[in-house]
A.B. asks: 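Supplied in structure tokens, the structure appears directly below.
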Amino acid sequence: MSGAARHIERLVRPVPDWPQAGVVFRDISPLLGDATAWAEVVDELSEQIGDLGRIDAVLGVEARGFLLGVAVARTLGVGFIPVRKAGKLPADVVSSSYDLEYGSATIEMHADALEPGARVVVVDDVLATGGTLQATIDLVNRVGAEVLATAVMIEIDGLGGRDLLTGRPCLALHTF
Ligand SMILES: O=P(O)(O)OC[C@H]1O[C@H](OP(=O)(O)OP(=O)(O)O)[C@H](O)[C@@H]1O
Ligand SMILES: Nc1ncnc2[nH]cnc12
């Protein structure tokens, strides 16, 4: 197990039956509060993304995807593009709706956020059903840019996320 995976195993708190019965919520708050562990997680994911070759930007999905995505973008020296829940971005947007482990949502990206042909990586904290990452890939495709890979700290096994995200690498530091 890598150093980052050990930190994730130790510092991500399982909360049973939240936000609804049957879901084990993986709370990253204790990990965010540990500066050394968080730095190692950000550095390890950034290194794996850096190995994929040149990228033009990192995308992250509101809200927890912002925390990791901004840190990874800064580490790699590329820009960060926010993908937000519906109704939050002020200029023209592209939208996509999806289902996740405990509900459904619509996400949006500014229509002019990416040049056609841009090569990006989408970063999030958790991969569960894959609905959020797949909807983000759809947004990127709609503006003519390319998702080289998706990258998460935590993959939740048994929810089909990895099977949904075929066609490009899906990096994950640890699986629960
Ligand atoms: O693979 P999926 O089934 O799509 O689930 C993963 C998504 O669920 C969580 O976000 P959530 O929508 O709960 O929003 P938050 O970041 O605002 O807490 C998590 O941060 C991922 O974005
Ligand atoms: N079980 C879970 N824990 C944390 N975030 C999630 N997003 C979707 N499912 C989740």
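Whatever order the structure lists them in is the order used to number ligands and atoms, beginning at 1. Since the model is a prediction, treat every value here as computed from it, not as a measurement.
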A.B. asks: Using a strict cut-off of under 4.0 Å between a residue heavy atom and any atom of ligand 2, list the qualifying protein residues by chain and number.
C.D. replies: V23, V24, F25, R26, R64, E101, Y102, V126, A128, I156

A.B. asks: Could you go through H174 and E155, starting from their C-alpha distance and side-chain angles, then the distance that decides it, and tell me whether this counts as side chain to side chain donor-acceptor pair (under 3.5 Å)?
C.D. replies: CA-CA 6 Å; H174 190 56; E155 176 175 352; over 6 Å; no

A.B. asks: Check V121 against A151 and note the closest heavy-atom contact, atom names and distance.
C.D. replies: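 Smallest interatomic distance, heavy atoms only, reads CG1-CB, 4.2 Å.
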
A.B. asks: Just checking D112: does its CG atom have more than 12 heavy atoms from other residues, nucleotides or ligands closer to it than 6.0 angstrom?
C.D. replies: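 More than 12 heavy atoms, drawn from other residues, nucleotides or ligands, come within 6.0 Å of this atom.
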
A.B. asks: Show me, by chain and number, every protein residue that has a heavy-atom distance under 4.0 Å to ligand 1.
C.D. replies: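 For ligand 1, the contacting residues are E62, A63, R64, K85, L100, E101, Y102, D124, D125, V126, L127, A128, T129, G130, G131, T132.
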
A.B. asks: Do any pairs count as a salt bridge (charged side-chain N to carboxylate O under 4.0 Å, His left out) and have a residue in residues 117-144, sequence neighbours left out, and if so which ones?
C.D. replies: R64-D125

A.B. asks: Would a distance-only check, ignoring hydrogens and angles, find a side-chain to backbone donor-acceptor pair under 3.5 Å from H110 to A91?
C.D. replies: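 Yes; judged by distance alone, with no hydrogens or angles, the pair exists.
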
A.B. asks: Show me the side-chain donor-acceptor pairs of residues 72-86 shorter than 3.5 Å, one per line, residues at least two apart or across chains.
C.D. replies:
{"unit_1": "T75", "atom_1": "OG1", "unit_2": "A71", "atom_2": "O", "d": "2.8"}
{"unit_1": "R84", "atom_1": "NE", "unit_2": "E62", "atom_2": "OE1", "d": "3.0"}
{"unit_1": "R84", "atom_1": "NH2", "unit_2": "E62", "atom_2": "OE2", "d": "3.0"}
{"unit_1": "K85", "atom_1": "NZ", "unit_2": "E62", "atom_2": "O", "d": "3.0"}

A.B. asks: For the atom pair CG (L52) and CZ (R54), what is the distance rounded to the nearest 0.5 Å?
C.D. replies: 12.5 Å

A.B. asks: Strictly below 4.0 Å, N to O, side chains only: are E108 and K88 in salt-bridge contact?
C.D. replies: no

A.B. asks: Show, in sequence, the C-alpha distance, side-chain angles and deciding distance for R10 and D34, and conclude whether the side-chain contact (heavy atoms from CB on, under 4.5 Å) test is met.
C.D. replies: CA-CA 11 Å; R10 184 172 58 89; D34 185 313; 4.1 Å; yes

